[in-house]
Amino acid sequence: MDRKITDFQKRVYSATTAIPAGRVATYGMVARMIGCGSARAVGQALKRNPFAPKVPCHRVISSDRSPGGFFGETGEPAINKKSRLLKKEGVTFDSAGRVNSEHLMP
DNA sequence: TCTGTGACCGCTG
DNA sequence: ACAGCGGCCACAG
C-alpha cells in the first residue's frame, strides 16, 4: 500500500490535526482554510485518511452540523460512534444529533 | 489521456 | 420550511 500522499492531502491532514479537542470544523471550512473551494476533495482525503488515529477525522463535520461520515462509512452506526467520540471530547449535541454551533471553528 | 465518482456546499423554485 | 440542481477539486480505473 502506498503511504505516499499528495501535497494537497497533506494539507488536509495538517488542518484536521490542527483542530483542538472539543472543537469541530466543517469540510468547507477546512477546504477554504487550505485554499481549496471544494469540500469534496477534503472528504476524499479524510476518507482515505492513511493516518487514521493521527488525524481526528471525527472532528470534521458537514456544514449542516451533521456528523457526515466516519472512516468511509456514512451509515448510522458509524455516525453514532463518531458522535460518541465527539461527546467524549466535550462536544455537545442537540436533539437533532447535530453538533452545537458554539463548537464550530470561527 | 479522459471519464466517473465522492465523508460536500450553496443557491433557487 | 423542504426539495432539487449545479458547481467545485482531487483521485482512481
Could you spell out the base pairing of DNA chain C as a dot-bracket line? Use Watson-Crick and G-U wobble contacts where both distances are under 3.5 Å, [ ] for crossing pairs, | for partners on a different strand.
.||||||.|||||

Find out whether Y13(A) and P50(A) are in side-chain contact, i.e. whether some heavy atom of one side chain is under 4.5 Å from a heavy atom of the other.
yes

Closest nucleotide of DNA chain C for C36(A) versus for R48(A): which of these residues is on the 5' side?
C36(A)

Does G68(A) reach a base, just sugar-phosphate, or nothing at all? Heavy atoms under 4.0 Å.
nothing

Would you mind telling me which residue lines up with the more 5' stretch of DNA chain C, R40(A) or Q44(A), judged by nearest nucleotide?
R40(A)

Side chain proximity check, K87(A) to F93(A), heavy atoms < 4.5 angstrom:
yes

How far apart are the closest heavy atoms of P20(A) and M105(A), and which atoms are they?
CD-CE, 4.1 Å

Evaluate whether atom CD of E102(A) has more than 12 neighbouring non-hydrogen atoms of other residues, nucleotides or ligands under 6.0 angstrom away.
yes

For a 4.5 angstrom cut-off between non-hydrogen side-chain atoms, does T26(A) reach L104(A)?
yes

Please report, rounded to the nearest Å, how far the C1' atom of dA7(B) is from the CG atom of L86(A).
14 Å

Show the distances under 3.5 angstrom between N or O atoms of the protein and N or O atoms of nucleotides 9-13 of chain B.
from	atom 1	to	atom 2	distance (Å)
dC9(B)	OP1	S63(A)	N	2.6
dC9(B)	OP1	S63(A)	OG	2.1
dC9(B)	OP2	S63(A)	N	3.2
dC9(B)	O5'	S63(A)	OG	3.2

Numerically ordered, the residues 7-23 of chain A set in heavy-atom contact under 4.0 Å with DNA chain C is F8(A), Q9(A)

Rounded to the nearest 0.5 Å, what's the gap from CZ on R98(A) to OG1 on T92(A)? Could you check?
14.0 Å

Would you say that L86(A) contacts V24(A) through its side chain, given a criterion of any heavy-atom pair below 4.5 Å between the two side chains?
yes

Any pair counted as side-chain hydrogen bond (donor to acceptor under 3.5 Å, both in side chains), so long as it reaches residues 59-74 of chain A, sequence neighbours left out:
R59(A)-E89(A)

Is L85(A) linked to F51(A) within one hydrophobic cluster, defined over Ile, Leu, Val, Met, Phe, Trp and Tyr using a side-chain heavy-atom separation of less than 4.5 Å?
no

For R32(A), give me all partners under side chain to side chain contact (heavy atoms under 4.5 Å, CB included), at least two apart in sequence or on another chain.
none

Could you tell me which non-hydrogen atom of P56(A) sits nearest to which non-hydrogen atom of T16(A), and how far apart they are?
O-CG2, 3.5 Å

On a heavy-atom basis, the closest approach of V30(A) and A25(A) is CG2-CB, 4.2 Å

Do the side chain of H103(A) and the main chain of G22(A) share a donor and acceptor less than 3.5 angstrom apart?
yes

Taking heavy atoms of chain A and a 4.0 Å limit, find me the 5'-most and 3'-most nucleotide of DNA chain C within that range.
dG7(C) to dA12(C)

